[in-house]
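The chain is numbered in sequence order, starting from 1. As the structure is a computational prediction, the values presented were derived from the model and not from experiment.
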Amino acid sequence: MSRRRQIRFDYFLSDADFRFAAQCERMRVDRNGSILSLLIIRLPRDRAAAPDIEFLGRVLEGRLRITDTPGMLRNGDVAVLLPDTNAEGAWKVAEDVSEVYPPGPERPECEVFSYPGRRRRRHAETEEDAAVVSGEDAELDPGEFFFARPMPLWKRCVDVAGSLAGLAVAAPVVGVAAAAIKLTSPGPAFFLQEREGLGGKRFKIYKLRTMSVDAEHRKRELRASSEQDGPAFKMRRDPRTTRFGRFLRWSSIDELPQLLNVLRGDMSLVGPRPLPTDESQACQGWQRRRLDVTPGMTCTWQVTGRGKVRFDDWVRMDLRYADRRSLWHDLKLVLATVPSLIVQRGMR
């Protein structure tokens, strides 16, 4: 490899180094309330050879500020961190880069994520293209989803094996509990609720119904009575809970259907508990970093601090778990969950 080619590739950070730099910039944004934009440049497949990457590197080197950080992602896309730059400013950079290429299929596809913010997708050619924002974009913040960490293969294997074994054992218990719910209170036996998972992606969580059918509507009226600070809603004696529902929540049997969520991949056996969408959306920026990893059925908060710690400390437990996620740590939390249920500490 020539010295010139080595210099061109050294201009881009590796995928791992770039993502570390992005995490640092996001923490800075959370701390000082500024804004961060991420520009993704995707070259056409037939124009993504080494000389094409080198040429793009020279273009960026002449356009970017010293505070901007370019990197090469694992999938071959070029990414640029643009601190203190809003989406409009990032699109100006995209337009400047695109204008170097002749109009047509040779132009790169550009994508801008703003943190915090929303996404626009287009070939950086016209302002009309930039103005199109889909309904999906309005719900999901891809700027957050970029920081999401994929689930390790070992963890997914454990989840599939554990959820299948758990469902086989729990099925009779869930069946009896569902029948008892139908006999003791009007309404369906199961309850589905929208929650935010990995990267803010929304999914329906499965639970046995423990509350009256109008519980979601009454939640707003009871918000002032929540015994948990922050956006999470917790009450020791929630008046919406049915008589049989109190037993289900006391024993955590109502959570067993979430093994289906684990099998589907929406959740893991171990990970930060997914909050209802409205509560998750009310979290501060740094608190939403708990969405960087797949949510789970149990985690540090369930074992050591349920209902006994401030919400900020709850989130810090989740962030520490995300940083030290390992097979051994997950096994320890699973084994510690059973005694914590028997001791019955905190709110359910």
Exercise for the section: Sequence neighbours left out, what passes side chain to side chain contact (heavy atoms under 4.5 Å, CB included) with A180? Give chain and number order. Expected result: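 So A180 forms a side chain to side chain contact (heavy atoms under 4.5 Å, CB included) with F244.
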Inset, instruction - Go through F113 and F147 one step at a time and tell me if the ring-ring contact (aromatic ring centres under 6.0 Å, His included) criterion holds. - result: CA-CA 11 Å; F113 304 156; F147 295 102; 9.2 Å; no
Residues at least two apart in sequence or cross-chain that pass side chain to side chain donor-acceptor pair (under 3.5 Å) with D96, listed by chain then number, are R63, K92
**Prompt:** So which pairs with a foot in residues 156-176 pass side chain to side chain donor-acceptor pair (under 3.5 Å), sequence neighbours left out?
**Reply:**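 For residues 156-176: D159-S268.
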With a cut-off of 6.0 Å (strictly less than), are more than 12 heavy atoms of other residues, nucleotides or ligands near CZ of R149?
->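 Atom CZ in R149 is packed in, count exceeds 12.
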With a 3.5 Å cut-off and no angle check, do the side chains of Y206 and D266 form a donor-acceptor pair?
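The answer is no; no qualifying pair exists.
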In this structure, CZ of R290 is separated from CG of L275 (nearest 0.5 Å) by 4.5 Å
Taking [X] for the side chain and [Y] for the main chain, is one N or O donor matched with an acceptor at less than 3.5 Å?
| X | Y | value |
| --- | --- | --- |
| D330 | L327 | no |
| R42 | P108 | no |
| K155 | V270 | yes |

| field | Face-on cation placement of R316 at Y321 ring, 6.0 Å and 45° thresholds | value | no
*Does Y101 have R107 sitting over its ring (NZ/CZ under 6.0 Å from centre, angle to axis within 45°)?*
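Judged by the rule, R107 and Y101 form no cation-pi pair.
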- Any idea how W314 and W301 line up, ring-wise: parallel (<30°), tilted (30 to 60°), or perpendicular (>60°)?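 Answer is parallel, since the angle falls under 30°.
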